[in-house]
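None of these values were measured; they are calculated from a predicted model. Residue numbers run from 1 in the order of the sequence given.
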Amino acid sequence: MKRREFLRQSTVAALAFPLLVQREVLGAGQSTSPNERLRLGFIGLGGRARWILKSEALPGAEVIAVADCNLSRCSEAAQQVPGGERWKKYQHHLEMLEKEKLDAVFVETTTHARVRICMHALQAGCDVYAEKPQSLTLNEGRALVKAVKRHKRILQTGSQQRSMPINRYASKLVREGAIGKIHTVITCNFAGGRNWTPKDTPDDLPAGLDWDQWCNQTELRPYHQELYNSWGDFMTYDGGGQSWGVTGWGTHSLDQVQCALGTDDTGPVEIWPEDQGPRCKVTMRYANGTLLKLEGKNRGMEDLGAIFIGSKGRIEILRGDFIAEPKELGDGAPPVTAQGPKESVPHIENFFECIRTRQKPHADVETGHRATTLCHLVNICRGVQRKLRWDPKKERFVGDEQANLLLSRPRRKGYELPET
């Protein structure tokens, strides 16, 4: 059997077991010295990974190895980043995890591949920075939470507003009652994904792309450049991952809601469509009566937050800023976080600090899962076009088995999740 096929088909346990033994002997990820540089790997070298590598910073760490099922992307990225010529490059993440002694990995892959790869990294003894949205389905998101707990690893979800000082300040104001009891929260009406329409003639497969590995848990469709480049548009691979999509920038906004409401370990109890169609407005109700309405219009990236309306005032949390009524609530706030390069550095620094201290990061796996759950609920509600009751403890719809079937999807043979 060819090595690549072996790596794809072998059970994760067979590959991960020697890694786990080695990690425990070395104590990697358990008691890293504050002065010791962290050894990093990147999995997925698309746009987001390159932004982090070129426009953010990795203080106290160095990239050792990178992996992408399109091997040419590894070389392209290496040419764009100082020191990239020293990276070891792999087409399969399992081979990288098997050969390299890494403290942590950044999983910057497509959404449909993310959870399985994160779980492989956890089994290999690595801490994980996982891009958002955290999962393709709710059930695989819960499986990732269990895996983090089982392997006693650190996972930071890539919701960087959690670490922006001014966003944390504004969220605390809302959470601690500065504007009284919150009765309404308003976010943009983020779009869902669309279905792929099969085409008669496939495109030529690019050299160096393992298309089977790219398709991952989903159907092995013929290669099309549109699928590869615009995968976030399609429900097969994401839940609306385009910029103003539910699981695109919508993940940031809904995570901001969860943060300010203090509901990081729970969620709404009801959700319903306000009108008809795949882009219909949606309302959710939390157990305390707070209504979350997806009905606003997007003005720009500053709208990746939410408007919180309380009995004593109103706070609009933006990306890196906030507007308060009464205005006095803004007195003493941290400075505005400028959008663009370096805006994610505090979030990355928090991740690295938690690798060393083993403390819970700002956007730990449960927090990321609960925020992503809101995205899944929106998509399911729009799909069934009716009011749904949700049990956030059991993570099941109450009395609606048709809706419960949408909490998971069949996985292609060979791409099952590891046991948790």
Side-chain angles (χ1 to χ4, degrees), residues 1 3-25 28-30 41 43-44 67 69 90 92-100 102-107 109-131 133-157 212-220 237 265 358 360 364-370 372-373 376 393-396 404-420:
M1 184 181 292
R3 177 174 179 78
R4 186 177 69 182
E5 192 67 12
F6 167 75
L7 286 167
R8 188 179 73 81
Q9 293 186 3
S10 296
T11 64
V12 175
L15 284 169
F17 178 73
L19 283 167
L20 292 170
V21 171
Q22 181 185 52
R23 291 275 166 172
E24 288 203 14
V25 171
Q30 297 291 341
I43 303 174
C69 59
Y90 297 92
H92 203 298
H93 66 279
L94 281 177
E95 186 175 7
M96 183 184 79
L97 294 171
E98 182 185 26
K99 290 184 176 180
E100 304 297 335
L102 303 173
D103 296 301
V105 294
F106 281 64
V107 180
T109 63
T110 56
T111 301
H112 69 284
R114 187 166 302 138
V115 166
R116 183 171 177 267
I117 291 173
C118 286
M119 292 174 76
H120 288 167
L122 296 169
Q123 288 187 313
C126 293
D127 294 319
V128 174
Y129 186 103
E131 197 50 61
Q134 198 163 277
S135 61
L136 180 66
T137 67
L138 188 140
N139 284 359
E140 71 168 15
R142 177 51 63 188
L144 181 58
V145 174
K146 291 179 180 178
V148 171
K149 292 178 180 178
R150 177 183 178 182
H151 297 292
K152 297 180 174 61
R153 297 288 95 198
I154 299 295
L155 187 145
Q156 175 89 298
T157 310
D212 185 295
Q213 187 189 158
W214 187 93
C215 289
N216 204 272
Q217 63 170 295
T218 68
E219 173 190 353
L220 184 59
Y237 311 106
D265 60 350
R358 313 314 292 171
K360 186 169 79 170
D364 70 295
V365 65
E366 181 72 32
T367 296
H369 171 65
R370 292 292 184 169
T372 304
T373 293
H376 297 321
K393 185 175 182 179
K394 295 181 179 179
E395 295 189 318
R396 300 279 293 175
N404 282 325
L405 291 175
L406 302 176
L407 298 174
S408 63
R409 302 185 191 181
R411 302 184 69 94
R412 188 157 61 97
K413 185 176 180 180
Y415 290 93
E416 299 87 353
L417 292 180
E419 291 293 330
T420 56

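- Between Glu366 and Lys146 there is no salt bridge, since none of the side-chain N atoms of the basic residue sits less than 4.0 Å from a carboxylate O of the acidic one.
- In terms of heavy-atom proximity, Val365 sits nearest to Thr157 at CA-OG1, 4.5 Å.
- In this view, Arg411 and Glu140 satisfy the salt bridge (Lys or Arg N to Asp or Glu O under 4.0 Å) rule, not counting sequence neighbours.
- In summary, Asp127 and Arg358 engage in a salt bridge, as defined by a charged side-chain N under 4.0 Å from a carboxylate O.
- Under a 3.5 Å cut-off, the side chain of His93 and the backbone N or O of Cys69 do not form any donor-acceptor pair.
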**Message:** Apply side-chain contact (heavy atoms from CB on, under 4.5 Å) to residues Val128 and Arg153 and explain how you reach the verdict.
**Reply:** CA-CA 8 Å; Val128 174; Arg153 297 288 95 198; over 6 Å; no
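- Atom CZ in Arg142 sits 10.5 Å away from atom OG1 in Thr420 (nearest 0.5 Å).
- Within the 4.5 Å cutoff, the side chain of Asp364 has no heavy atoms near those of the Val148 side chain.
- Qualifying side-chain hydrogen bond (donor to acceptor under 3.5 Å, both in side chains) partners for Thr109, counting only residues two or more places apart in sequence or in other chains: none.
- Of the listed residues (Glu98, Lys99, Glu100), just one forms a side-chain hydrogen bond (donor to acceptor under 3.5 Å, both in side chains) with Tyr90, and that residue is Glu100.
- The minimum heavy-atom distance between Tyr237 and Thr111, with the atom names listed, is O-CB, 3.4 Å.
- A 4.5 Å side-chain heavy-atom check between Arg396 and Leu407 finds at least one atom pair inside the cut-off.
- Heavy atoms only, all atoms of each residue included: Thr372 and Ser135 are closest at CG2-OG, 3.8 Å.
- A heavy-atom distance below 4.5 Å is not found between the side chains of Gln123 and Leu97.
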**Step-by-step side-chain contact (heavy atoms from CB on, under 4.5 Å) determination, Gln134 to Val115** = CA-CA 7 Å; Gln134 198 163 277; Val115 166; 5.7 Å; no
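- With values rounded to the nearest 0.5 angstrom, His112 atom NE2 is found 8.5 Å from Leu136 atom CG.
- Atoms CG and CG, on Asn139 and Leu144 in that order, are 13.0 Å from each other to the nearest 0.5 Å.
- Applying the salt bridge (Lys or Arg N to Asp or Glu O under 4.0 Å) criterion to Arg150, with sequence neighbours excluded, gives no partner residue.
- Here the CG atom belonging to Leu417 is positioned 8.0 Å from the NE2 atom belonging to His120, to the nearest 0.5 angstrom.
- For the pair Arg412 (side chain) and Thr218 (backbone), a donor-acceptor distance under 3.5 Å is present.
- In this structure, CG in Leu138 is found 8.5 Å from CZ in Arg370, a value given to the nearest 0.5 Å.
- Contact annotation: the side chain of Glu131 never approaches that of Val107 to less than 4.5 Å [non-hydrogen atoms, C-beta and beyond].
- Using a 3.5 Å distance cut-off with no hydrogens or angles, the side chains of His376 and Glu395 do not pair a donor with an acceptor.
- Here the closest non-hydrogen pair linking Ala130 and Cys118 is CB-SG, 3.8 Å.
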